[in-house]
Amino acid sequence: MRIATWNVNSLKARLPRVEAWLSDLQPDVVCLQETKLADSAFPALTFAALGYESVHHGEGRWNGVAILSRVGLDDPMNGFGPDDDDPEARLVWATCGGIRIASAYVPNGRSLDDDHYRYKLAWLAKLQALLETDHDPVGPLVIAGDYNIAPTDLDVWNPARFEGATHVSAPERDALAAMQAWGLTDSFRVLQPEAGLYSWWDYRGGSFHKKEGMRIDLLMATRPVVDRLTFATIDRNARKGQQPSDHAPVLIDLAD
DNA sequence: ATGGTGGCCCGGCCA
């Protein structure tokens with residue numbers, strides 16, 4: 001079973017590349033972020049024709065998350081649940097192939113003194129609370145998405161340049177550490193421990209070609225999933241060529 | 001160099 005996460009930075013702009021990528025990589029489950037679509041504009045029929053069921057939680061101009069699955073898609077849920085009042089479409093859930101899956105687009109904090117940074121930390125705290133009340137680390141669970149957090153300095157091209165910046169601050173990394181203490185593992189790192197492996201590169205200044213990126217797209221998985229890991233990679237090819245997203249897809253393979 | 005590129009949709013916001 002192949003599970004992928006990809007911040008596509010507008011599914012409308014990226015649909016031809018996403019279709020070709022599905023055909024090439026043959027993922028079973030795909031978590032998409034930043035679709036930037038209303039639910040009414042989500043191309044569910046296009047994905048159905050390729051063999052994928054889907055669920056989308058969108059708001060239109062910004063954000064928007066989806067899950068595609070060709071191994072079943074049950075019990076979809078938007079956001080943090082029925083009592084959720086979060087105004088932004090950043091989280092969607094479904095059960096696919098026996099695994100509870102979330103596609104998450106964690107807010108970008110912008111800077112440490114910004115309201116968006118406080119919103120990011122509050123959003124992560126809500127996710128942690130939901131884990132503790134509604135989930136069990138003994139069960140198969142993957143929370144995949146754009147975390148907008150580089151877990152360690154190995155995940156940043158130049159840590160010195162990010163001192164005092166968002167994506168690397170202690171409170172953000174502490175939030176990720178809390179998820180890990182609860183029972184989620186950064187699955188990619190189980191099989192790919194080396195430095196210099198990034199999933200996002202700024203469009204500006206030729207960052208991709210200069211290898212100036214960050215690894216901020218993660219598949220956080222519970223033990224029953226980690227025990228099945230056979231392969232993990234970042235598909236850098238998807239960041240090349242015409243009209244790429246600024247993020248590359250990250251994928252893991254699980255033994256049956 | 002406080003820029004730059006690319007998405008939204010058409011002036012400015014967001015990443």
Asker: Would you mind reading off the distance between A:Arg14 atom CZ and B:dG6 atom C1', rounded to a whole angstrom?
Answerer: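 Going from CZ in A:Arg14 over to C1' in B:dG6 covers 8 Å.
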Asker: Taking the minimum atom-to-atom distance to the side chain of A:Glu34, which one of B:dG12, B:dA15, B:dG7 wins?
Answerer: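 From the listed options, B:dA15 comes nearest.
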Asker: Can you measure A:His247 atom NE2 to B:dC14 atom P for me and round it to whole angstrom units?
Answerer: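 For the pair A:His247 NE2 and B:dC14 P, the rounded distance is 17 Å.
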Asker: Given that A:His116 and A:Lys36 both sit by DNA chain B, which one's nearest nucleotide is further toward the 5' end?
Answerer: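 Nearest nucleotide further toward 5': that of A:Lys36.
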Asker: Quick one: on DNA chain B, does A:Gly205 or A:Lys12 contact a more 5' nucleotide (nearest heavy atom)?
Answerer: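 It is A:Gly205, whose closest nucleotide lies nearer the 5' terminus.
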Asker: Provide the distance between the two P atoms, one in B:dA15 and one in B:dC9, to the nearest whole Å.
Answerer: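 Their P atoms lie roughly 16 Å apart.
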Asker: Rounded to the nearest Å, what distance is computed from the CD atom of residue A:Glu59 to the P atom of nucleotide B:dC9?
Answerer: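 That distance rounds to 12 Å.
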Asker: So, OP1 or OP2 of B:dA15: does either fall under 4.0 Å of a side-chain N or O from A:Arg110?
Answerer: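 So the side-chain polar atoms of A:Arg110 do come within 4.0 Å of the phosphate oxygens OP1 or OP2 of B:dA15, strictly under.
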Asker: Can you confirm if the NZ or CZ of A:Arg90 lies within 45° of the ring axis of A:Tyr105 and under 6.0 Å from the centre of its six-membered ring?
Answerer: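 Because its charged atom sits under 6.0 Å from the ring centre and within 45° of the axis, A:Arg90 does stack over A:Tyr105.
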Asker: Between B:dT2 and B:dG7, how far apart are the two P atoms, rounded to whole Å?
Answerer: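 Going atom to atom, P in each nucleotide, I get 25 Å.
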Asker: Under 3.5 Å, is there a donor-acceptor pair between the A:Gln242 and A:Arg17 side chains?
Answerer: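 Looking only at side-chain atoms, A:Arg17 and A:Gln242 do not form any donor-acceptor pair under 3.5 Å.
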Asker: Could you state the CH2-C1' distance from A:Trp201 to B:dA15, rounded to the nearest angstrom?
Answerer: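 After rounding, the gap between these two atoms is 16 Å.
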Asker: When A:Asp153 is tested against each of A:Arg173, A:Arg215, A:Arg161 for salt bridge (charged side-chain N to carboxylate O under 4.0 Å, His left out), which residue passes?
Answerer: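 Only one option passes, and that is A:Arg173.
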Asker: Test A:Lys126 against every option in A:Asp83, A:Asp86, A:Asp134 by the salt bridge (charged side-chain N to carboxylate O under 4.0 Å, His left out) rule and name the one that passes.
Answerer: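 In the set A:Asp83, A:Asp86, A:Asp134, the residue that makes a salt bridge (charged side-chain N to carboxylate O under 4.0 Å, His left out) with A:Lys126 is A:Asp86.
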Asker: Name the closest nucleotide to the A:Arg61 side chain, picking from B:dG7, B:dG4, B:dG11.
Answerer: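 Out of B:dG7, B:dG4, B:dG11, the nucleotide with an atom closest to A:Arg61's side chain is B:dG11.
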Asker: Taking atom P in both B:dC14 and B:dA1, what distance in whole Å separates the two?
Answerer: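 My reading of the P atoms in B:dC14 and B:dA1 gives 28 Å.
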Asker: Is a salt bridge present between A:Asp246 and A:Arg239, judged by a nitrogen-to-oxygen distance below 4.0 Å?
Answerer: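 Looking at A:Asp246 and A:Arg239, the cut-off is not met.
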Asker: Using whole Å, report how far CH2 of A:Trp62 lies from P of B:dA15.
Answerer: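 It is 7 Å, rounded to the nearest whole Å.
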Asker: Round to the nearest Å and state the distance from A:Trp6 atom CH2 to B:dG7 atom C1'.
Answerer: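 Distance, rounded to whole Å: 15 Å.
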Asker: I need the OH-C1' distance between A:Tyr117 and B:dA15, as an integer number of Å.
Answerer: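 It works out to 18 Å between those atoms.
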Asker: Could you check whether A:Phe208 gets within reach of a base, just the sugar-phosphate, or nothing at all, counting any heavy atom under 4.0 Å?
Answerer: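 No contact.
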Asker: Can you tell me how far C1' in B:dG11 sits from the matching atom in B:dG6, rounded to whole Å?
Answerer: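 To the nearest whole Å, 16 Å.
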Asker: Calculate the interatomic distance between A:Tyr105 atom OH and B:dA15 atom C1'; express it in whole Å.
Answerer: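 So the two atoms are 6 Å apart, to the nearest Å.
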